[in-house]
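Order of the sequence lines sets the chain letters (A, B, ...), proteins ahead of strands, with each chain counted from 1.
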2 protein chains.
Amino acid sequence: MFSYRYPRPSLTVDSVVFGIDEGSDGVCQLQVLLIKRKDDPHKGHWALPGGFVQVSDDGDQGEDLEDAAKRELLEEAGIKVDYHEQLATFGRPKRDPRGRVVSIVYYALVRSKQHVAKAGSDASRASWWPASEALRELRRHKTFDHDEILAMALKRLRAKVRYEPIIFGLVPREFSLSELQSVYEAVLERPLDRRNFRKRLLAMDLLEPVGERETGGRKAATYTFDRKNYDMQVGRGFQFAL
Amino acid sequence: MFSYRYPRPSLTVDSVVFGIDEGSDGVCQLQVLLIKRKDDPHKGHWALPGGFVQVSDDGDQGEDLEDAAKRELLEEAGIKVDYHEQLATFGRPKRDPRGRVVSIVYYALVRSKQHVAKAGSDASRASWWPASEALRELRRHKTFDHDEILAMALKRLRAKVRYEPIIFGLVPREFSLSELQSVYEAVLERPLDRRNFRKRLLAMDLLEPVGERETGGRKAATYTFDRKNYDMQVGRGFQFAL
DNA sequence: TCAAAAGTGTTTGAATTACACCCATGA
DNA sequence: TCATGGGTGTAATTCAAACACTTTTGA
């Protein structure tokens, strides 16, 4: 047993974590988690959370990439995500001044931002930024290539939300249709017709009614996403769409 | 200037290269390029082409990931691709018996398979396999996780071909509509209505007529894909769709 | 009884599908 | 003149978009 004899790059995982901020007026906003870097490079600047993957050539060979991303999120910002998927890998030479670093980037959705934003390990702070402001901030300081990464993640999220039911990773387990619609509108950055939205969602038969909830006016019915049923329908060739 | 002090994985790039085989009867078939490995692990078995990325912590830090993938294809199989895009990164522990190896996988399309399949460097042979047979072969021998990779690439190609004009990376620069349709049918594995297909493609106004060609019957008009016009239309919010 | 948000149906136009016939060409 | 593949048009249906009123509830 021997390992390959080639120069090796450093390997990191970074995460673009999306959350929803529900304003007191009920208007939702798409947000992104940034951490303030404790160390160089880019010390003191805001960046995407991430860190090194624990690897080895012996024994169990270290941790899985996705586990590494989750671990870093927990360490740096104290959060647990509800949806997690690989975005892409960024490895352009010179993206890190100190050596060749290749970063595998994940994007993640969190339902509740309750216990989030306690800083830890490499971060002196962790906080939520409105998506567009985060993008501006990363561009302003040219923090690695994190601006490009965030731009790609936003594009992917907006595309994906329309043909896969990942939106449910951004709302509480129980939600009303209006709430769900607000989240869609925050992600897509455009208004949706309430009646058509309702018709569409209910017609797909993926929502299970679970109760009702007080609102400013009439009580709203609440639902959960019925993943069992979704998986079954997908098996029959069903395709989710907005 | 110093580099990060963490254990590092080996880094490879692999490629899933798709091509079209036009049978003498005009029926097209989707194919995948496999190489026969010269060395362990999996010596003598068919696998996806790929190899190590040249990296360094000093100077220019080595080659870009995409360039590495292209270089390996040229070295191992003597081919130049017409479309190249990142698929995903595979880095599960134990996927390579000799140490932690993380592989960034690209998928590529070639228009013409003319000068392809001369073997080189790590490959004792390089040849084209019908997509489904290639998948079976990779599954049979459990060659790394290449079966999973190919399955993902196939899924991605089939999805992508419907909403981005990448199909033109699989046909000659000049093609007839029937030819284009045959390629779509090979990729999607289902028949398309000839009249609706024609209407749809011509209506998008992306094909530039360039001449005509002899066939078994009446002459067929030939076209090229007008990328200039496509880019312009995309700028105006146009969305390609099958 | 008023404001605020939930809930419901219908009409219209656009897009997609299904489908059948004529045309040019070379053998 | 026949077989082969290229080329075109239309009707039927389905899907998406636009749109307005009624209901419940708490203040």
Side-chain angles (χ1 to χ4, degrees), chain A residues 22-28 159 161-163 171-172 174-186 188-224 233 237-242, chain B residues 22-28 161-163 171-172 174-186 188-224 233 236-242:
Chain A
E22 192 171 351
S24 52
D25 54 350
V27 177
C28 289
V161 100
R162 297 190 49 191
Y163 59 91
V171 292
E174 283 191 29
F175 52 86
S176 69
L177 283 175
S178 307
E179 197 177 358
L180 192 65
Q181 181 179 344
S182 300
V183 174
Y184 263 113
E185 290 175 332
L188 297 175
E189 289 187 307
R190 68 182 160 90
L192 300 172
D193 182 88
R194 188 163 49 90
R195 297 156 289 198
N196 293 334
F197 177 79
R198 224 156 237 286
K199 224 182 304 172
R200 172 64 71 103
L201 265 289
L202 292 175
M204 285 193 283
D205 196 33
L206 299 173
L207 304 185
E208 196 171 357
V210 284
E212 42 183 36
R213 161 197 301 179
E214 306 290 323
T215 72
R218 180 176 173 172
K219 280 190 189 109
T222 57
Y223 302 85
T224 53
Q233 290 197 51
F238 168 79
Q239 171 73 39
F240 180 91
L242 169 56
Chain B
E22 192 171 349
S24 51
D25 55 350
V27 177
C28 290
V161 100
R162 296 191 49 190
Y163 58 89
V171 292
E174 283 191 30
F175 52 84
S176 68
L177 283 174
S178 306
E179 197 177 357
L180 191 66
Q181 181 179 344
S182 299
V183 173
Y184 263 114
E185 290 176 332
L188 296 175
E189 289 187 306
R190 69 182 159 91
L192 301 172
D193 182 89
R194 188 163 49 93
R195 296 155 292 200
N196 293 334
F197 177 79
R198 226 154 237 283
K199 226 181 307 171
R200 172 62 72 102
L201 265 289
L202 292 175
M204 285 192 284
D205 197 32
L206 299 173
L207 304 186
E208 195 171 356
V210 284
E212 41 183 37
R213 162 196 300 179
E214 305 288 326
T215 70
R218 182 175 173 172
K219 282 191 188 109
T222 58
Y223 302 85
T224 53
Q233 290 198 53
R236 296 199 202 107
F238 168 79
Q239 170 74 40
F240 179 91
L242 166 56

Stepwise side chain to side chain contact (heavy atoms under 4.5 Å, CB included) test for E22(A) and V27(A): CA-CA 6 Å; E22(A) 192 171 351; V27(A) 177; over 6 Å; no
R198(B)/R195(B) under side chain to side chain contact (heavy atoms under 4.5 Å, CB included): CA gap, chis, key distance, verdict: CA-CA 5 Å; R198(B) 226 154 237 283; R195(B) 296 155 292 200; 5.7 Å; no
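A residue-by-residue look at T215(A) and G216(B) shows that T215(A) has its nearest nucleotide of DNA chain C further toward the 5' end. With DNA chain D read from its 5' end, the first of the two nearest nucleotides for A221(B) and K219(A) is the one closest to A221(B).
Distance, R218(B) CZ to dC21(C) P: 18 Å, rounded to whole Å. At whole-Å resolution of the value, CZ in R194(B) and P in dC22(C) are 15 Å apart. The CD-C1' distance, from E214(A) to dA4(C), rounds to 13 Å in whole Å. For D193(A) and dT12(C), the CG to P distance is 17 Å, given to the nearest whole Å. Taking atom CD of residue E22(A) and atom C1' of nucleotide dA5(C), one finds them 14 Å apart after rounding to whole Å. Rounding to whole angstrom units, CG of residue L192(B) and P of dA18(C) are separated by 11 Å. The distance between atom CD of Q181(A) and atom P of dA5(C), rounded to the nearest whole Å, is 13 Å.
Note on S176(B): nothing from the nucleic acid sits closer than 4.0 angstrom, heavy atoms only.
Side-chain contact check for L242(A) versus V161(A): every heavy-atom pair is 4.5 Å or farther apart. When side chains are defined from C-beta on, Y223(B) does not count as touching E208(B), because their heavy atoms never get closer than 4.5 Å. With contacts defined as side-chain heavy-atom distances shorter than 4.5 Å, the pair F175(B)/V183(B) does not qualify.
Judged purely by atom type and a 3.5 angstrom limit, R200(A) uses its side chain to pair as donor or acceptor with the backbone of A241(A).
Scored by the side-chain hydrogen bond (donor to acceptor under 3.5 Å, both in side chains) test, K219(A) finds no partners at all (sequence neighbours excluded).
Between F197(A) and Y184(A), the gap from one ring centroid to the other is short of 6.0 Å.
The footprint of chain A on DNA chain D, defined by a heavy-atom cutoff below 4.0 Å, extends from dA16(D) to dG26(D).
Listed by residue number, R195(B), R198(B), K199(B) are the residues of residues 195-203 of chain B with a heavy-atom contact under 4.0 Å to DNA chain D.
Ion pairing between a basic and an acidic side chain is recognised when a charged N comes within 4.0 Å of a carboxylate O; R213(B) and E179(B) show such pairing.
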